[in-house]
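Working notes for the structure below.
In what follows, every chain begins at residue 1, and chains take the letters A, B, ... in the order their sequences are listed.
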There are 2 protein chains.
Amino acid sequence: MAQNIKQLQHAPIGVFDSGVGGLTVAREIMRQMPNEKIVYFGDTARLPYGSKSKDTITRYSRQIVRFLETQDVKAIVVACNTASAYALDSLEKEIQMPIIGVVKPGAKVAAEVTQNGKIGVIGTEGTIGSQIYTEYIHNINPDARVIGKACPLFCPLVEEGLWQDPVTDEIASRYLTELIDIGIDTLILGCTHYPLIRSTVGRIMGDKVTLVNPAYETAIELKRLLAEHDLLNPQAPALGDNKYKFYVSDGADKFKTFANSIIKYGILSAKTINIEEY
Amino acid sequence: MAQNIKQLQHAPIGVFDSGVGGLTVAREIMRQMPNEKIVYFGDTARLPYGSKSKDTITRYSRQIVRFLETQDVKAIVVACNTASAYALDSLEKEIQMPIIGVVKPGAKVAAEVTQNGKIGVIGTEGTIGSQIYTEYIHNINPDARVIGKACPLFCPLVEEGLWQDPVTDEIASRYLTELIDIGIDTLILGCTHYPLIRSTVGRIMGDKVTLVNPAYETAIELKRLLAEHDLLNPQAPALGDNKYKFYVSDGADKFKTFANSIIKYGILSAKTINIEEY
């Protein structure tokens, strides 16, 4: 058993998302746990997830978990808010290894940092419609008022590269007005794409609103969880060992280009697999 | 055989798209061929198609054709420019019944109506990258200059309902400036979503530019093709017969709401199927 644990410590962490957004989570794991290997999967053939149903997203997530299991991962991070909202509960019951999503860590911090008890959440239609942030926040702070706002155009704008652009400003102003009027003091960036337009959102919300990035909190929580299971890798992988592996269900080259604009570690290659076969 | 043909004449036409966009084509078929039954499939679990690869779109289209075959359709309309661009060539070789896409009818009309030989095409990354409009136009008019422009934000803006909005104006101005500067006199709306923002595009391009809507041309071409194969339905379906059937791979209720804003015939129901099983 001790031997098994030792071997497992060297196993990679599986991280998945509908596409590139989860790279903001992978990036935090790389920063905070430089010893860890990562197998990343982006479901680029079926993205986006945010506008699709719970049944569909759960089925997709199950297929991805089956793929990651073939990669002998020691833990799984659901690096997509929509999949965390819809599928994590089911997945937790179905697999043996540690698995975490991005919602709970983000909700926890928001519930702790708010001063006036008014917390905003922005995310996809799926994440907001599920009310999952509200549920987790109320578990910690039953008196908090949680206001969700779906922002369906943010992902296409980010993917089109308009991270700093008057159009993104205009759309963000429309989405955020209601949250400003209500006087929230904490805003959860409830979609993994949103950290990429953090400066736009921050400027519109103003200095007094704390922005919570679940990617950051998730990496901290993952570290705690791995330590609890004695699964932290005690040493960095050998040089020449392929530390980070990237798989997608479509368009590996396009993924690689976008990924290299987010992650500074240099993504050498991404491989396409047919996820429907898992 | 005569009996078979007679039976076939009463069979429905299969129409498919990545989602709701193809309804602009279905709508034209309904207008121009009121006797015809339609089975529509929207691949809402895997949309959009425009940013995905040829291999993936071809695999998806094959699955959909297999589904439509189970519905005993007499002909198939690929009511999606990206699928027409990427998959139609393969599909034509693989099935026995008449099948048409939206690209060739649109290209034909554009090649015929241009006066100055400068034709613009707007569409998804996939459609524009494939250069298929250029190819078809050059088959008819080898001297035409065809300028393609991918407009990836148009679909999300249409799906967000911003058909008439300053943001859509601003994005459209950016996309179309190049085509105005070149002095095109004909513009193909090379994505089935675009007829829904036709007035915005028309205002920006000005009166002297002819907008070509392949949906309209495709319905005309379909009618010709069905007549050629003696497959036109000689009489309207009986009252109470379910004339139009709608299937999607996800989110039937959401589809129905959007569909009813496009089609005035009243979509009574839409049914969800798992397209990955075909």
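Counting non-hydrogen atoms of other residues, nucleotides and ligands closer than 6.0 Å to CG of A:Asn274 gives a total above 12. For B:Lys149, the NZ atom counts as densely surrounded, since its 6.0 Å shell holds more than 12 non-hydrogen atoms of other residues, nucleotides or ligands.
With a threshold of 4.5 angstrom between heavy atoms, A:Ser53 approaches chain B through its backbone and through its side chain. Only the side chain of B:Tyr60 has a heavy atom closer than 4.5 Å to any heavy atom of chain A.
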Problem set entry | Residues B:Leu162, A:Leu153; criterion side-chain contact (heavy atoms from CB on, under 4.5 Å); working and verdict | CA-CA 11 Å; B:Leu162 305 185; A:Leu153 283 171; 3.7 Å; yes

For this session: Please assess A:Ser51 against B:Lys254 for the test side-chain contact (heavy atoms from CB on, under 4.5 Å), listing each intermediate value before the final yes or no.
Result: CA-CA 10 Å; A:Ser51 56; B:Lys254 193 172 155 191; 3.4 Å; yes

Problem set entry | Evaluation steps, side-chain contact (heavy atoms from CB on, under 4.5 Å), between A:Glu277 and B:Glu276 | CA-CA 9 Å; A:Glu277 289 174 357; B:Glu276 291 183 10; over 6 Å; no

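Between A:Pro48 and B:Pro48, some side-chain heavy-atom pair lies under the 4.5 Å cut-off.
B:Pro152 and A:Glu160 get closest at one heavy-atom pair: CG-OE1, 3.0 Å. Shortest non-hydrogen contact noted between A:Val167 and B:Glu170 is CG2-CG, 3.4 Å.
Here A:Leu47 is the residue among A:Leu157, A:Leu47, A:Ile171 with the most heavy-atom pairs under 4.5 Å with chain B. For chain B, the option among A:Asp55, A:Thr272, A:Asp165 with the highest count of heavy-atom pairs below 4.5 Å is A:Asp165.
Contact check on A:Asp250 versus B:Arg46 returns no salt bridge, with no Lys/Arg side-chain nitrogen under 4.0 Å from an Asp/Glu carboxylate oxygen.
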